[in-house]
Amino acid sequence: MVGDRLDTDIALARAMGCSSLLVFTGVATADDLLTELSPGHARHDERAPLPTHAVSHVGHLLELCEP
């Protein structure tokens, strides 16, 4: 699943057991992801919508596929 929102796109991928790619060209920012990762954050637990991968733009998707 590729998406730009932690609370919908990435959360859906996690609920479905899919890998996910968060792209920082839309709603979510790198700071949003860092907030989710911070230990003091309210949703910092096993249910947090964290992506499998995160990139600055979808053009980096191919780099993830290279061996």
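Residue numbers count from 1 along this sequence.
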### Minimum-distance pair of heavy atoms, taken over all atoms of T8 and R5
OG1-CB, 3.2 Å
### Message
Applying a strict under-4.5 Å side-chain criterion to I, L, V, M, F, W and Y, I'd like to know whether F24 and L37 cluster together.
### Response
yes
#### Entry: Backbone N/O of T52 and side chain of S20: donor-acceptor pair under 3.5 Å
yes
### Close side-chain approach of P51 to L6, heavy-atom, < 4.5 Å
yes
### Query
Rounded to the nearest 0.5 Å, how far apart are NE2 of H53 and CG of L21?
7.5 Å
### Non-hydrogen side-chain atoms of L50 and L33 separated by less than 4.5 Å
yes
### Query
Do the side chains of P49 and E36 get nearer than 4.5 Å, heavy atoms only?
yes
### Message
Could you see if V2 belongs to whatever hydrophobic cluster contains V27? Use Ile, Leu, Val, Met, Phe, Trp, Tyr and a side-chain cutoff under 4.5 Å.
### Response
no
### Task
Start with the C-alpha gap between D32 and T35, add the side-chain angles, then the distance that decides, and say whether side-chain hydrogen bond (donor to acceptor under 3.5 Å, both in side chains) holds.
CA-CA 5 Å; D32 294 332; T35 298; 5.4 Å; no
### Query
Taking D9 for the side chain and D4 for the main chain, is one N or O donor matched with an acceptor at less than 3.5 Å?
yes
